[in-house]
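Report on the structure given below.
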Protein chains: 2
Amino acid sequence: MKVAILGVGTVGTAVANILLKNKSIIKARSGKEIVPVIGVVKNTTKARDTSLPLTDDLEAVLAREDIDIYVELMGGVAQTHGIVKRILAKGKPVVTANKALLAYHRYDLQAVAGGVAIGFEASVAGGIPIIKALREGLSANHIESIQGIMNGTSNYILTKMMHEKVSFAAVLKEAQELGYAEADPTFDVGGFDAAHKLLILASIAYGVHGDPEDILIEGIERISQEDIYFAKEFDYTIKLLGIAKRRGSQVELRVHPALVPSEKMIAKVDGVMNGISVIGDAVGETMYYGPGAGGNATASAVISDLIDIARDGQGSPMLGFKQPLEEASLSLMPKDEIETKYYLRMHVRDEKGVLAKIATILGECNISIDSFLQKPDLTSRKDVTLLFATHTCKESDAKKAIEAITHLDFVSDIPHMIRIEE
Amino acid sequence: MKVAILGVGTVGTAVANILLKNKSIIKARSGKEIVPVIGVVKNTTKARDTSLPLTDDLEAVLAREDIDIYVELMGGVAQTHGIVKRILAKGKPVVTANKALLAYHRYDLQAVAGGVAIGFEASVAGGIPIIKALREGLSANHIESIQGIMNGTSNYILTKMMHEKVSFAAVLKEAQELGYAEADPTFDVGGFDAAHKLLILASIAYGVHGDPEDILIEGIERISQEDIYFAKEFDYTIKLLGIAKRRGSQVELRVHPALVPSEKMIAKVDGVMNGISVIGDAVGETMYYGPGAGGNATASAVISDLIDIARDGQGSPMLGFKQPLEEASLSLMPKDEIETKYYLRMHVRDEKGVLAKIATILGECNISIDSFLQKPDLTSRKDVTLLFATHTCKESDAKKAIEAITHLDFVSDIPHMIRIEE
């Protein structure tokens, strides 16, 4: 089985090298020799750690009749979408690690592919076989919820902030120096990477449609040591979670930092690791843990797709559904209707009547308070920090309250809120 | 697709009920209606919580031409082996949760089946799709090791013993009253159940042959609060682990209580839950967590196999290998050659020269001491308890040392050893 690798960076190099190194066991498992024969790169003169022949002539590789499977690791959305469709139209399977491509075009690709296999295990949580678990392993279940740490960079930063008393900015800088974070970290720490992955998982779990723009997304940039103080005080851990939950005929999708009870398994996933907890109506909770990034881990997932295809074609439908659900299909819940509990942190001047005014605003916005802490402001002697935990309330009400509180003259900055996930 | 369920106890009832309850989503995912049409039981008069028609005429059900798949939940080995072979010989797929059957006859069943599907996801770790993860999700990897908590009863008991200062006997009694442990708990707490599961996983990971009798098996019956004191002192957690490790051209398989560093994910798997950590040469460590038993969780796995078969036949070879490995196949390491670190606990009379004599014996058996603790014996004023941690040594040497120490007149009972897994 001849494989062309489109894009030979860290992951492409690892795919080529592992196919060579583990050739014998891969042949025993798949029943076929899986041979990478050509890699397509933009710059053929750049040194790469692989013996794979390279070319910059993508069109020539796409035209080769002897290629059995294409591995797409170029990244990008619009142009790559066109290329993948051309390959599928020729009846050739594609294996891809491109989460953005899938977040926007998964249903279109499924339609174009027809019976041709598309493997995308590597697009979510790197080396963890979570696509397979959800699509095949848990197929007997109605999925009640998915709760996942799907971005290693953010989890590394939050873990460091929890264990050492350092600021977001300081840990980010260190992560960039160690190569765990990009020069522009927005895609990771802003929650967008996790949102792409969440959307892919939600399609398999629920058959829902939607684009990344339909998801409530918040990043970890405003998490402070004060938030961590509160979390520790109430035995929570702060994690950037991708959450999908079924609510009647709707599915809510959201990515944001969350306060998670520290004794839960997902709270124990530390450092650059990923962990995804899935609750099914039959099985209960299962969790999947492992490296969410890195050349070799991602290549492990890419090659598992190649082996599945070599074994017997791919038995499962791409997104897990052979036919539409007979019951009314699920739709995405509008962002403003999502309900959670909140933690609110605000810096206010240490004056009489301040607490009463804030409590009044919260009440007017239908928000009731579950617990409350006051502590001296770390940066200003005249100020105090107020920390609230609320009962369940609507996203739109929480926004309204924060807007109103922000305009009070004794409030010194925009209040920060973190959702609580019990 | 018509399904016959052989054996309608807790799991069989759950399979029938979930197929009915989740009928619509199972049809959408599999492309077929999967309908349980008949259940075979010994006693048809016993009340059961299902509307499935029941019969005690196994032969009549085996003879029915309209049955598409048989679900085997009768248990038992010899007789069941014969029945499953007859079904496969007729070209009908079988889905089973019978770990003992697979531990003894998996290669025979694979040979008899030929191209006919055998699903056995439910045989290991209940609702966790670990068979699928190992056979398909991690297929690109040489598996370096498997380390799993595969018996919920034992894990419940050990968790209770770690958190509350209670004896093995007291927790066992409580677990029996709660229905977490059988009246005769030997199969669970003695490690035999975990050994069956370990052997199934090791076949998929390494292609190794062997029977449960070839595995080093020790139970948790002798774990005491003194062991737990030592564990906590050195930041270990005690878990009953099933361990498979590749050592050159051999694979070591063992089931025993182990001291595991408390910060490892596997150490955090508490109560009746199961967790299996797998290290692959490409992916690194991944872990799978969830309920290892219970009607609904096990049924979730059984039905996932039914759906795989309905979708497109079963794409993967039963035990993960389409053809034999070209490189020399792996063999089981003889039990006595296994090497680990040990913790040793012994009660001795509080006399001069005692420690020197024990240290001499350990030295003569090629065992060097890593750390040492002495504490007053909890039950006798004249005695003290000695707790040792050793460097890596051979199983046969450890046995020799314990034999020699047991015969010293100042030693009041057989020393207890627990292996240390770093």
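No hydrogens, no waters, no symmetry mates; every other heavy atom, side chains included, goes into these values.
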Would you check if there is a donor-acceptor pair between the side chains of A:Arg29 and B:Ser139 at a distance under 3.5 Å? no
Quick one: do the A:Asn141 and B:Ser300 side chains pair a donor with an acceptor below 3.5 Å? yes
Name the member of [options] that forms the most heavy-atom pairs with chain B at distances under 4.5 Å.
options: A:Gly284, A:Ala282, A:Gly295, A:Ser30; value: A:Ala282
options: A:Ala297, A:Gly294, A:Gly275, A:Ala133; value: A:Ala297
options: A:Thr286, A:Val283, A:Asn296, A:Val302; value: A:Val283

Would you call [X] and [Y] a side-chain contact if the rule is heavy atoms closer than 4.5 Å?
X: A:Met287; Y: B:Met265; answer: yes
X: A:Lys27; Y: A:Glu33; answer: yes
X: B:Val278; Y: B:Ile130; answer: yes

Quick check for you: among [options], which has the greatest number of heavy-atom pairs under 4.5 Å with chain A?
options: B:Ile307, B:Ile303, B:Thr298; value: B:Ile307
options: B:Gly320, B:Gly207, B:Gly126, B:Gly290; value: B:Gly320
options: B:Pro129, B:Gly280, B:Ala28, B:Gly31; value: B:Ala28
options: B:Lys32, B:Glu285, B:Glu121, B:Lys268; value: B:Lys268

Looking at residues at least two apart in the chain, or sitting in another chain, which of them share a salt bridge (charged side-chain N to carboxylate O under 4.0 Å, His left out) with B:Asp281? A:Lys21
Can you classify the ring geometry of B:His209 versus B:Tyr107 as parallel (below 30°), tilted (30 to 60°) or perpendicular (above 60°)? parallel
Okay, A:Leu319 and chain B: the region with an atom under 4.5 Å from a heavy atom over there is neither
Part of A:Ile204 lying under 4.5 Å from any heavy atom of chain B: backbone
If I measure from the heavy atoms of chain A, does B:Leu138 come under 4.5 Å with its side chain, its backbone, both, or neither? both
Contacting region of B:Pro291 [heavy-atom separation from chain A under 4.5 Å]: both
Taking the side chain from A:Lys132 and the backbone from A:Ser304, do they hold a donor-acceptor pair closer than 3.5 Å? no
